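Because the structure is predicted, anything quoted here is derived from the model rather than measured.
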Amino acid sequence: MTIPRLPLLLLLQYLLFTSSPTLAGVGFQEMEIPDPSRGTMQILIWYPSTGEPRLQKLASYEQRIAQSGRIDGGPLPLVVISHGTGGSAHGHHDTAWALADAGFVVVALTHPGDNYADTRHYARREQLTERPRQVSRVIDYMLGAWPDRRAVDQGRIGIFGFSMGGFTALASLGGRPETSGLVAQCKAMPRKAACLALGGAQDVRRKFGQAALGVVPDPRLKAAFVAAPALPALFLPDGLRDLHKPVELWAAELDELVPLDPDILIVRDGLPVPPARHIEPGAGHYSFLAPCTEAQKDAAHDICADRPGFDRAAFHRRLNAAVVAFFRRNL
């Protein structure tokens with residue numbers, strides 16, 4: 001079974017819809033916020049700004065930003081970005097910048113317990129339960145404690161998620177994950193990459209437990225753009241049935257970690273309203289991460305390497321245009 005790709009005309013409409021220049025620059029803030037009883041969380045914030053942008057270092061990347069520049073306009077829609085396992089708040093910086101340049105406030109968090117420097121929640125129950133809670137905590141901060149909170153429209157909040165961030169987005173938006181679906185999938189498909197990585201069905205049951213996960217969705221979230229969502233079998237058999245909010249689903253043709261069949265089909269067929277969706281030809285799982293610098297290509301070849309002939313930078317221009325268009329329509 002195949003999933004039809006978005007027509008070229010629709011992609012062109014995305015590009016045209018987002019091609020008008022913005023007058024403001026992009027402001028940027030980086031901070032640690034308190035997470036009651038659990039320490040702190042790193043967040044990065046991009047937003048339209050009247051400040052003068054300058055080319056500045058952002059971890060191992062560079063962006064043209066106005067560091068702590070004054071916010072321009074409001075009330076503005078807010079988009080939360082949730083990264084994948086082993087990632088960080090920096091991993092989708094180009095998508096965040098594109099959204100801010102288009103008039104959104106964007107906040108990306110580094111998920112405690114499931115990031116490049118802290119893996120204590122990996123393949124544990126907390127990986128599934130803490131991520132959505134952390135998203136809600138970040139929204140709490142942006143609406144209640146961020147110094148520029150009055151510039152945020154509390155009724156227009158969305159989420160972008162990649163890989164485990166895609167799982168996080170679906171669960172936070174209203175999906176009901178349970179471990180039984182993943183256990184059943186790993187029993188039926190023991191050679192599936194994700195099942196092998198988790199140690200098989202018995203280890204999935206042992207690590208994630210059998211009790212109800214009890215993930216609480218955040219009703220403030222209105223829409224989700226989901227890229228290569230990891231472990232979608234957690235939503236089997238009907239955990240997406242009641243999710244009626246707008247979802248756009250993007251997949252990579254050559255993704256071995258989140259294959260089109262069965263994983264992308266689980267999401268497509270599980271939602272009550274078929275989502276807008278796109279399969280990127282020639283892309284792999286990590287093609288959704290921001291284009292790598294030369295230094296990163298040497299240090300993280302598995303994440304930075306694409307199929308010969310695949311242009312990740314060009315792909316991200318299309319991806320970012322689609323993300324902007326989606327949230328403009330739905331927020």
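With Arg125 contributing its side chain and Ala211 its backbone, the two residues share a donor-acceptor pair below 3.5 Å. No donor-acceptor pair under 3.5 Å is formed between the side chain of Thr119 and the backbone N or O of Tyr122. A side-chain donor-acceptor contact under 3.5 Å links His316 to the backbone of Ser287. Although no hydrogens or angles enter the test, the distance criterion places no donor-acceptor pair under 3.5 Å between the side chain of Asp238 and the main chain of Arg241. A donor-acceptor pair under 3.5 Å is absent between the side-chain atoms of Arg205 and the main chain of Gln202, judged by distance alone. Checked by atom type and distance alone, the side chain of Arg317 never pairs as donor or acceptor with a backbone atom of Phe315 at under 3.5 Å. The backbone N or O of Gly282 sits less than 3.5 Å from a side-chain atom of Glu253, completing a donor-acceptor pair. Formation of a donor-acceptor pair under 3.5 Å by the Asn330 side chain with backbone atoms of Phe326 is found in this model.
A donor-acceptor pair shorter than 3.5 Å can be found between the side chains of His93 and Gln63. A donor and an acceptor atom, one from each side chain of Thr110 and Asn115, are nowhere located under 3.5 Å apart. Remark: the Thr85 side chain and the Gln127 side chain contain an N/O donor-acceptor pair separated by less than 3.5 Å. Side-chain contact, Ser163 with His285: a donor N or O sits under 3.5 Å from an acceptor N or O. For the residue pair Ser82 / His111, a side-chain donor-acceptor distance below 3.5 Å is found, with atom types taken as modelled. A donor-acceptor contact closer than 3.5 angstrom is absent between the side chains of Ser68 and Gln29.
Sorted by first and then second residue, the side-chain hydrogen bond (donor to acceptor under 3.5 Å, both in side chains) pairs with a member in residues 170-179 form an empty list; sequence neighbours excluded. Among residues at least two apart or in separate chains, disulfide bond (SG atoms under 2.5 Å apart) pairs with a member in residues 299-331 are Cys292-Cys304. Residue pairs meeting the salt bridge (charged side-chain N to carboxylate O under 4.0 Å, His left out) criterion with at least one member in residues 183-200, sequence neighbours excluded: Lys192-Asp263. Within the structure, every pair that satisfies the salt bridge (charged side-chain N to carboxylate O under 4.0 Å, His left out) test and touches residues 126-139, not counting sequence neighbours, is listed here: Asp35-Arg133, Arg38-Glu130, Asp114-Arg131, Arg124-Glu126, Glu130-Arg133.
The shortest distance between side-chain heavy atoms of Pro246 and Lys222 does not fall below 4.5 Å. At a threshold of 4.5 Å between non-hydrogen side-chain atoms, the residues Gln154 and Pro75 do not count as touching. Looking at heavy atoms from C-beta onward, Pro112 lies in side-chain contact with Arg120 at the 4.5 angstrom threshold. Taking the side chain as every heavy atom from C-beta outward, Leu289 and Ile303 approach each other to under 4.5 Å. In this structure the side chain of Val106 never reaches within 4.5 angstrom of the side chain of Phe160, judged on heavy atoms.
Distance check, rounded to the nearest 0.5 Å: CG of Leu221 to OG of Ser136 gives 7.0 Å.
Taking the centre of each ring, His92 and Phe162 come in below the 6.0 Å mark. Aromatic ring centres of Phe235 and Phe167: separated by under 6.0 Å. Close placement of the Phe225 and Trp250 rings is indicated, their centers lying within 6.0 Å of each other. The distance between the ring centers of Tyr47 and Phe104 does not fall below 6.0 angstrom.
One finds no salt bridge joining Asp261 and Arg268 here, because no Lys/Arg side-chain nitrogen approaches an Asp/Glu carboxylate oxygen to under 4.0 Å.
The nearest pair of heavy atoms linking Gly175 to Leu240 is CA-CD2, 4.1 Å.
Applying the salt bridge (Lys or Arg N to Asp or Glu O under 4.0 Å) rule to Arg64 yields no partners; only residues at least two apart in sequence or on another chain are considered. Take Tyr286 and apply the ring pair (Phe, Tyr, Trp, His ring centres under 6.0 Å) test, not counting sequence neighbours, and it matches no residue.
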